[in-house]
Structures are given as C-alpha cells and as structure tokens.
Amino acid sequence: MRIKTISRSVDEFTRERSQDLQRVFHNFDPSLRPMEKAVEYQRALTAAKLEKIFARPFVGAMDGHRDGISCMAKNPNYLKGIFSASMDGDIRLWDIATRRTVCQFPGHQGAVRGLTVSTDGNVLVSCGIDSTVRLWNVPRPSLEDSDLSSEKSAEPSAVYVCKNALLAVDHQFEGELFATSGAQIDIWNHNRSQPVHSFKPGNDSVISVRFNPGEPDILAVSSNDRRMIIYDIRMSSAAREIRMQTKTNSIAWNPMEPMNFTGANEDGNCYSFDGRKNEEAKCVHKDHVSAVMDIDFSPTGREFVTGSYDRSVRIFPYNGGHSREIYHTKRMQRVFCVKYSSDATYVISGSDDTNLRLWKAKASEQLGVILPREQKKHEYNEAVKNRYKHLPEIKRIVRHRHLPKPIYKAIAESRAVNNAKKRKDDRRKASSAPGTIVTKPLRTRRIINEREVE
Amino acid sequence: MEVALEDNNLMENILPPDEQEIDVELEAKEKKYLRGEGANLESLKDKKLKTQLASREKLYGKSAKAAAKIEKWLLPASAGYLETDGLEKTWRIKQTDIAKEVDILSSRNQYDIVLPDFGPYKLDFTASGRHMLAGGRKGHLALVDMMNMNLIREIHVRETVRDVAFLHNDQFFAAAQKKYAYIYGRDGTELHCLKERGPVARLRFLKNHFLLASVNKIGQLHYQDVTYGDMVASIRTGKGRTDVMEVNPYNGVVALGHSGGTVTMWKPTSQAPLVQMQCHPGPVSSVAFHPNGHLMATSGKERKVKIWDLRKFEEVQTIHGFHAKTLSFSQKGLLAAGTGSFVQVLGDGSGNYSRYMSHSMVKGYQVEKVMFRPYEDVLGIGHSMGWSSVLIPGSGEPNFDSWVANPFETSKQRREKEVHLLLDKLPPETIMLDPSKIGAMRPSRRKDKPTRGEIEAEKEVAVEAAKGVEMKKKTKGRNKPSKRTKKKKEMVENAKKTFPGEEQGNVAGKKRRIGEVDAAELPASLKRFARKN
C-alpha cells in the first residue's frame, strides 16, 4: 500500500532569523473563503467611509494680490511656479511649494486680462485693458531663491501698444507666435512691434483665445456675439464657427485628444465639441448653477476643472455629464480663473477675494512618497468601491457632498422648474399626434447654427 | 508568407500530448476560479457599457487563468492519499499499519490521551488547526497547542460542561456549563457569564459575523455578537428541546435537528425557519455540513446516514447499517461517523460516500465527538475516556493561505489578523441561503401584464366553460325552462365581465381605431376587419 500524509516541517514555513521577512503562502481556492461577496461589500463600505474621512482637499491659499485675480498662466517647463495677474495690474510669479511670491512684474496700468508663457518657459506675455502687450523675461529659478525675504521685480523686455483694450492672449505650442484678442484677433511675433496677421470675426469683441496643442496653427476663439470660431492662421478667414444661445467665456482643448475642445458657457453648462463635426455637442456637462468663467484640462486629458460665478470649483470627467467633485469655501468668492497643475495632482483657483487657492485634485489622496503596500491598498480600496458603488448604502456615501446653501437651493429650484417643464412637454406630446412635437436632444438644443467657411 | 503559415499549422498538430492534457486540466481548474458564468453582453445596447464590461470580463478570464496555473505549479504541498494494490481494502488498514509507513512527524499525530475521571470529552479546533480545546462532561477544560503538544492551560470548573467552542482565535473560548454559558480567556480567567441564554446544550461560533449561536434546553436559539455583547436575536423555535445544532460554514445558517425527524435552518433576522426538511422518521441524532455548503449529512436513530443536496433539497445517498452519534466533514469532503466505540470514514474523491477507512477503539470507549483537524490529515475523537487522534490520509487541505488561516502564526500576525477580522465583520443581515446574491440584481417581481390578446383569449375560454356547464335539474316544480335559461345567461354574463383592476389598459390609453390595432391583438371575431399592411 502507498500512503502519504500531510506533514509540514516547521523550518519550511517559518523564518530563520528575525531579520528575514515572514514567509507568506497563498492559496486562491474560493472554497477557503466563504461569503467572500459579503466580505467584499463590507470592505467597499469601509473604503467609502474612509475616503470621506480622509477627504481634505484644501491645501493652502496664496495671498498677496490687492485686487481680484483676473487670469493665471502655467509655466510648461517649471512645475512649481504659477503666474497670476489681478485687476489692478499686478502680475506675480508664485512658488507653489512655499506659497510665496517669487517675483513681481509691475507695469500695467489697469486690469491685466491675459497671461501666457511661451513653450520654452522664458517669455511671459501679458495684455491688459490699457491696450498694451508686455513681454517679460521669466527669471530662472536658482539657489538664491531660497532667500525668501527678497522679492524680485522685473522690467518688461518689450511693450507693444495697440489701438483697443485687449481681452485675452495665448501662445502657440510650437513656434514663436502668440495671439491677442480684443476688438479683433492679432497674431504677433516676439520680435515685431506690429501684429503679423489680423482676423476680424465681426463687430463684437473676442473674449478668449486658445491655440490647439496638437496642430500649432489652429486657434479657437469665442466672441461676445455667442460664437465659437476655429481659425487656421495660415488661411485668411475662419475655418468653422458655431453659434450658441449664450456666450462662451472660455475654451480649452483636450491635450490628449486635440481634436476635441470644451467651452465654458454663460448658461452654467460646459459643452464638449469634436472640432471636425460641430453639428452637435459630444457631451454636455451640467452642474454649475451660474455662469462658468474658466475651464482647464488635466494633462491626462481625462478630467477638467471649471470655476464658476457661483463661488465653486468643480471637476468633471471628460465624457461625463456631471461633476465628480465640488470645492467651495465661505471665503472664496466668485471664481474667475482655474488651472490644473501639470502633474495632475493639484487644482489652483483664482477668485474675486484676491486669493489663489491650492486644492488637491483627488480629495482623499495621500500626498508624498507612498510605500508599495500602501499603494496596493489604495488601489484595492478603489477597485472594491467601484465594484459596489451602485448599491444604495455605498452610493449614498460616495455621492455625498456638502453644498453651500445658495447653490443647494438653486439646484433644487432648477430641478423643480425643469420637472414641471418636462411634465408639461410630455403631456403635450401624449395628447398630440405622434411625430408632430419633436424634442431636440440637449446636445443640439443650445446650438443655433454652425457653418463651415470655405 | 504562405509557407510560414503552413509551418505554424503543422506545429499545432504535433503538440506533445502532455501539453494538451495540461491544457484540459488547467481549463477545468479555471472554471473553479471563474466563480460562475460570464455576463451575456449581446443584449446590451449601450456601447460604452458594453466595451467597459467586455474589458472587465477579459480581466476576470486572465486572473482565473493565472490562479489555475499557480494551483498547478506553485503550491508547496500536495494532498495525502491512501492507495492499496490488489485485494487489500482500504477500510481494513489499521492505524498501526499506517504508523509503520509514515514519517515521524505524522506518526506523532497518532495518540490516545486517557483521562478516565472526567467524562466524555467534546473537542473544538481553531480555524488554523493549531489549537484544540477539550471539554470533559464533568468539568475539565483543557487548551492544547497541537504543534508542540503543549498544554497551554487547563481548568476545572466543577460542574457539568455540555459543549465547548473557540471564538475567533485561541485567545477566547466559550463553555456551556450547568446553568449558564461562560466565556474564558486563554489563561483560564472567566471573562463573561452569559446569563440570558439559560442552560445551553450546544454552542457554535459564526466566524465571519462574530456571532455566538446557542440552543438551550428549552429549544430557544440565541445569537449574540461577541464584539460588543449585544444579543442580536433570541428565537423560540417551537419544536421542543434539542441538542443537535450545526453551522453551515458556506452561508452561516444554523441547522437544528429535532426529535420529530425534521431539520430546520435558521437565520438571526427572522423568527420563522428558512427551511424545514423532513429527514428521518425518528429523531435526528446529528447533522454535519460539507465546507462547500452544498452537502449535508444527517443521521437518525433508525441506523441510517443520509446525504442531502442543499441546492435541490434532495437526498443524494443513504448509508445503512449504523447509527452515527456524531458526524463531521473534512476539508476535502470525507465524512467521519462515530458510533459506539467505532469510527468510520466515508468518501472518495468524487461525491460517492463509500467506505474508506475505519478505526475501532477499546470496547469501553464511547465516542462522543469526531472532528477533523483543519489543514492536517488528522481526525480528533473525543470519547468517554479522554481523546484520541488518528491519521486519515487525504482528509485535510495541504496548502493553507496565510491571509485566511495560518498554523504558523506569530503573535504579531495574530493581532493584525484580529483587527482585520473585526474590520471585515459582517452584519447579521448578510446571513442567507445563497450568499452570492449580495450585489446581484433582484429579479423583477412584477408579473408581466397580459396583453389585450391574452386577456381576450382567457375570456373566451371562460365563456366556453360557462356555456358548457351542466345545470342541475331541480325538483318539486322549480325546474322551469325560463328560469334555467335565465340562470345560464347570467353565468355567461359573469364570465364575460372583466375585473376592475384589469381594465387599466383600456382606461389609461387613448382610444384607437380598429384599423390601427395589430391583427394579433384583435379578438377572433374581428380579425377580418384588421387592416392588412
């Protein structure tokens, strides 16, 4: 007869010295783990609760400006710095890590309306309602900067004067050109004191300009007559235009899918379009209660952040209709500009109360160096929470956000109004001949017309 | 290039047969790790959702494949076996013969501990099989470390002890004593006296829920959460006194065996039993559950042991010949039955429960409880003169998972595990007959409303039935033809009437012309007027 029994020798299963790691053995057989679904559900519940406990998105505020912040610019080559400009003409370079001003750029008389940095990070371009465009040399960060008490100030390397107030500026991604807009759109070269090209889209002022990250010669502008126009600067006229019911305050191109852009509209929604096909919006992002003032995409292209007149900052997924996160404080008033940091970790908002605020993009993220075991645990918690996030208990916890009272009431009111309208429309439709009343989908409802210009 | 393609085809055909066998084997193992069928994505219309789910299903397939490969190649130990050649039968092999063939470590697992003074012994093992608790009827409690055969602690409580159970690890145990149940710490100090339960006959612990379940002499079932002491449920079973209680490890339901031959299954959140099965013509003397939760073994006083399938609640097998006082399933599915001074082990690899091994002890030793030790090929037998341990090759799971139950735990690991167990503690509402239903969709309870055609068809059938009914002929001058026809008309009218609830479709919808209605929906008499398109 042949016999074998289980016999485990202690040395095989325990460690030899106390400096060794403990030995771990795996057996993935499901029969060893009864009720694994219930245990997973319990872990998802705990993970959702822990996420709420660790959700502390506000990192700090940078104050120093003396008037409301009108615009901000990211330096593509230097992660730690951000430029901001205020309504009294004060431009500052901030060090985000210490939240202090590194350098000031005085010179503008009146509000600065646009800020942008060239792709190599050396030249800062600003424009304002004093109808000037100023070019500055960005100081290189060096070891001397550790002496924080000295705040340097720089002189503009060039000042170009125009005829009308300027409302926006943006720099080409690869090249030496930058575009300003005001009464018309001007394309400048760094070295020339007169614009190289000019486009005049109509009689209304052009309020925002954005170059495409993928195609260096394509430009999207939005004008006060509620149009969004796409230009190719090599041609003499516009390529495409879309007219909507309300004006677009700001446009951002998706850095990972450069044919798509999203416009932050005055009616509280953001509309994502495919640049090649403008008949309908790809997605309508609804959650803000009042006008959306600024929009910026994350470098991953998967999310964007918006700042709105209703004193809140929201983060939306690039293809989702509703926001995944809202940030607000009692002290933060109307938000005029937002930026997503280039490492996709932080969101910076500039608002009317003269402060720039730094927020975490993922509210419960653990910053700093994370051990691999911690990283695995975070990933496991995310995965198990996503598996059960449609169940009522967990959904309630994951969805829960505190809203400021005016926003909460405004949302409730708009919901009641929309429900009433929908009921009425449904009844009208039900009592009329089928096919006579057609509801337009939301993606096309706000577009008045679109045309492609030859 | 065409030539290269042909070469590849040839290569596939001349794969060595071993590899093909391995593939088949791996596929069979994969099924176990897939935990059921994949989702049917064909009926989905939402493309985004479809692609997301398809990528997820692919990941599940990959992980099942990886787990199957690990099981085949990377597990450190393999299961035990006992094979005889030729005419020798496995159940004639004695423990003494086995002792000659096995290595020293295993032969240390065969022993008899003789303690004649303190009555029949009940046993319990911790989940990892490392510690054992023995409780003698006359009041002797002993906590033993099985790895080094150390006696950690023994106490004498000087009153009858009817049952013993470990709590979540070896630090705490519970004993059902004469009047109440008590909870003791590892060093023998009495921590709690559980007065609410009354005189307890059986104690069992539900590990995932931290619930201590007990049935007392009056037949009441109590569930208590041992983390904060709350009595979660106390249920009056209404079936009288019983001391047969077992916990199904797969889903956490408690099964009681009654003197009428019924086995009832209970969960803490309801006062009525989940299931009542009539298992035996006489009293049920013991119940045992297979670790996968699908099989239950019961034994009755009519000297039969029956194996039931719990998915269909049907009897699978009956074993005649002996009255088993105690039953126990091993991790690999072997069934041990103890009767008198004789212990029989039944089972083979597949589901058939035929004689495998047996062990008979000295005549005076009456078996009180048999229990397989987890992760070892060992069967513990508690009897009237102490306890014994015998080797049953092939009964234990050879590969343990350190995160589930680790027989070589250090104290730091034990403390960490306790914290994780508490974090994963399940609420008592999760105890249900099919635990995989959590997170699944509830099937819609609303019956589909019958279409107009169906309603009409039913009505016609009822009218035909009413017309065909034979009227009773009345006597004594009450059988007037006018009255009879009137009665018949009334019955046909009643059959044609619709109930107020069923009228919904007609009231709410708008009126439609006959021509616009589908031909299928029209009653048969109007079909010729339907507009043919």
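What you are looking at is a predicted structure, and each value in this text was computed from that prediction instead of being measured. Letters go in sequence order (proteins before strands), and every chain restarts at 1.
When B/P393, B/S395, B/S107 are each tested for a side-chain contact (heavy atoms from CB on, under 4.5 Å) with A/T5, only one passes: B/P393.
Of all the heavy atoms in A/S9 and B/L105, the pair that sits closest is CA-CD1, 4.0 Å. Taking each heavy atom of A/S7 and B/D103 in turn, the nearest pair found is OG-OD2, 3.2 Å. The two residues A/I6 and B/D377 make their nearest non-hydrogen contact at N-OD2, 2.9 Å. Contact between B/E88 and A/M1 at its shortest, heavy atoms only, is OE1-CB, 4.2 Å.
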> Given A/D29 and B/E71, is the side chain to side chain contact (heavy atoms under 4.5 Å, CB included) satisfied, shown in steps?
Replying inline: CA-CA 8 Å; A/D29 197 346; B/E71 185 185 333; 5.8 Å; no
> Could you walk me through whether A/R23 and B/F408 pass the side chain to side chain contact (heavy atoms under 4.5 Å, CB included) check?
Replying inline: CA-CA 10 Å; A/R23 289 191 209 203; B/F408 300 94; over 6 Å; no
> side chain to side chain contact (heavy atoms under 4.5 Å, CB included) between B/E397 and A/S31: does it pass, once the steps are laid out?
Replying inline: CA-CA 11 Å; B/E397 170 66 53; A/S31 61; 5.5 Å; no
>> Please evaluate residues A/K37 and B/K437 with respect to the criterion side chain to side chain contact (heavy atoms under 4.5 Å, CB included), reporting the C-alpha separation (whole Å), side-chain torsions for both, the decisive distance (0.1 Å), and the verdict.
In response: CA-CA 8 Å; A/K37 271 196 122 174; B/K437 283 228 183 90; over 6 Å; no
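By the 4.0 Å N-to-carboxylate-O rule, B/D85 lies close enough to A/R2 to be salt-bridged with it.
Only the side chain of A/E36 comes within less than 4.5 Å of a heavy atom of chain B; its backbone N, CA, C and O stay farther away. Neither the backbone nor the side chain of B/A405 comes within less than 4.5 Å of any heavy atom in chain A. Residue contact with chain B, scored on non-hydrogen atoms closer than 4.5 Å, involves the backbone and the side chain of A/F25 alike. Heavy atoms closer than 4.5 Å to chain A are found in the side chain of B/H209, but not in its backbone. Heavy atoms closer than 4.5 Å to chain A are found nowhere in B/T90, neither backbone nor side chain. Looking at B/K48, the atoms closer than 4.5 Å to chain A (heavy atoms on both sides) all sit in the side chain, from C-beta outward. There is no contact between B/L74 and chain A, counting heavy-atom distances below 4.5 Å. Only the side chain of A/Q22 comes within contact range of chain B, with heavy atoms under 4.5 Å apart. Contact of A/I3 with chain B is made through backbone and side chain together, with heavy-atom distances under 4.5 Å. Proximity to chain B involves both the backbone and the side chain of A/F28, based on heavy atoms less than 4.5 angstrom apart.
For the pair A/N27 (side chain) and B/D401 (backbone), a donor-acceptor distance under 3.5 Å is absent.
Within 6.0 Å of NZ on B/K72 lie more than 12 heavy atoms contributed by other residues, nucleotides or ligands.
Ranked by heavy-atom pairs under 4.5 Å with chain A, the first of B/W403, B/Y250, B/F400 is B/F400. Note: B/K32 leads B/K32, B/E376, B/E101 in heavy-atom pairs under 4.5 Å with chain A. Your options are A/S431, A/A44, A/P34, and the one with the most heavy-atom pairs under 4.5 Å with chain B is A/P34. Chain A forms more heavy-atom pairs under 4.5 Å with one residue of B/L391, B/L82, B/I431, B/D97 than with any other, namely B/L82. Counting heavy-atom pairs closer than 4.5 Å to chain A, the top residue among B/T430, B/N292, B/N208 is B/N208. Of the listed residues (B/P291, B/P435, B/P398), the greatest number of heavy-atom pairs within a distance under 4.5 Å of chain A belongs to B/P398.
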